[in-house]
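Written below as structure tokens is the structure these notes are about.
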Amino acid sequence: MDEQPRLMHSHTGVGMAGHPGLPQHMQEGTGGTDGDGRKQDIGDILQQIMTITDQSLDEAQARKHALNCHRMKPALFNVLCEIKEKTVLSIRGAQEEEPPDPQLMRLDNMLLAEGVSGPEKGGGSAAAAAAAAASGGAGADNSAEHSDYRAKLSQIRQIYHTELEKYEQACNEFTTHVMNLLREQSRTRPISPKEIERMVSIIHRKFSSIQMQLKQSTCEAVMILRSRFLDARRKRRNFNKQATEILNEYFYSHLSNPYPSEEAKEELAKKCAITVAQVSNWFGNKRIRYKKNIGKFQEEANMYAARTAVNAANASSHGSQANSPSTPNSAGETGSPWLCSAIRTCLSQGNAPLLYSSGFTFPP
DNA sequence: ACATATGATTGAAA
DNA sequence: TTTCAATCATATGT
């Protein structure tokens, strides 16, 4: 601690203000006048202060008591207070109000959003559930992974909270300790309540910077966890064969305009046991990949066209052709803007040979 | 091991 | 807003 330097500083200040230097004075011996006697008193007091660290605790305690009871103490103390007031006032203003740290706020917000710092099982699990739902699939393994994720998240949360509590406790302990110390010292040392306040805020700042580190590393841990468990790309599963068939069937039977309406998407999603978003993804991918290389998909196209033709034939032979849900207006319909642009794209990609060799033969 | 297929994401464009 | 185009990251086939 730095009381000693401060004390020394204060006393030299006094010396300069009202009295000549101390050591010389003491060597000057006894003057005999009243003023010299007083100086001698002050010299004694200061000497005692100077040597206080050399003494044992009990001795020091006794001397402290003696000092406190000394008749000169209040006057000396007042002088110290005055000087302190001046110096402290000049110090103050340099570091006052700090604005709320934006980064800390960001970390707080994120921790709250992830359900780490918020209520026990509130928004976090909801957000996770939403993410899981978005990543699609009502599979059993999905929920298993999700619970795994939740377990890890709560583990992180627990660590975070115990650490936070530890820091808080340590901070409080230290603060009260320092405050007690300062209050205790304020009896022999000029310490204003404001100074104590300032000290406390310094301590809090230090501890909150430690807290920020904790929050930062917690955030990092959560991010890693998220990317490992919730990034759908990392646990991509192919759709089952049936779903792919259904989607392909729709795609090739609507080849001239493979843009399912919202209702159609919903129906496909239901049939394939996937989400509407996944249907949209699938069609987006399919359109772009088909367009890029029509030749490569020709075989597939022919196969599905043939299948729908067979289905249609079967349906018509059973006399229920009229209300067939999907009208397979296959690619023979040459006016289709999408198909034209797709062919253009395919040609521009340098796939002309494939395109021509494919033959464009679609069953009726 | 490697190449290819495939579902998801992202940012620009319409 | 949806779609396109490029890209990522995994799955699957050889």
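In what follows, chains are A, B, ... by sequence order, proteins preceding strands, each numbered from 1.
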When you measure from the side-chain N and O atoms of [X] to the phosphate of [N], is any distance below 4.0 Å, counting only OP1 and OP2?
X        : N     : result
A:Lys286 : B:dT6 : no
A:Arg287 : C:dC4 : yes
A:Lys265 : C:dT3 : yes
A:Lys296 : B:dT4 : no

Rounded distance in Å - [atom1] ([X]) to [atom2] ([N]):
X        : N     : atom1 : atom2 : result
A:Tyr290 : C:dT3 : OH    : P     : 19 Å
A:Gln278 : C:dT2 : CD    : P     : 16 Å
A:Asn281 : C:dA9 : CG    : C1'   : 14 Å
A:Arg237 : B:dA5 : CZ    : C1'   : 16 Å
A:Ile288 : B:dT9 : CD1   : P     : 18 Å
A:Trp282 : C:dA5 : CH2   : P     : 17 Å
A:Trp338 : C:dT2 : CH2   : C1'   : 16 Å
A:Lys241 : B:dA5 : NZ    : P     : 14 Å

Do A:Ile288 and A:Phe297 sit in the same hydrophobic cluster, where Ile, Leu, Val, Met, Phe, Trp and Tyr count as joined when their side-chain heavy atoms come under 4.5 Å apart?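 As far as the 4.5 Å side-chain criterion goes, A:Phe297 and A:Ile288 are not connected within one cluster.
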Between A:Met212 and A:Phe174, is there a shared hydrophobic cluster once you connect ILVMFWY residues whose side-chain heavy atoms come closer than 4.5 Å?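 Different hydrophobic clusters.
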Lys/Arg-Asp/Glu bridge criterion (N-O < 4.0 Å) met for A:Lys286, A:Glu300: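 Yes, this pair counts.
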Between the base of B:dA8 and the side chain of A:Asn285, is there a donor and acceptor pair under 3.5 angstrom?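 Indeed there is one.
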Check the pair A:Glu266 / A:Val279 against side-chain contact (heavy atoms from CB on, under 4.5 Å), numbers first and verdict last. CA-CA 8 Å; A:Glu266 276 165 30; A:Val279 173; over 6 Å; no
Can the ring centroids of A:Phe283 and A:Tyr250 be said to lie less than 6.0 angstrom from one another?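 Yes - the distance between ring centres of A:Phe283 and A:Tyr250 falls below the 6.0 Å cut-off.
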Identify, between A:Asn238 and A:Phe283, the residue whose nearest nucleotide on DNA chain C lies closer to the 5' end.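 By nearest-heavy-atom nucleotide position, the 5'-most residue is A:Phe283.
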Residue closer to the 5' end of DNA chain C, A:Arg289 versus A:Tyr259 (nearest nucleotide):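 Looking at DNA chain C, the more 5' nearest nucleotide goes with A:Tyr259.
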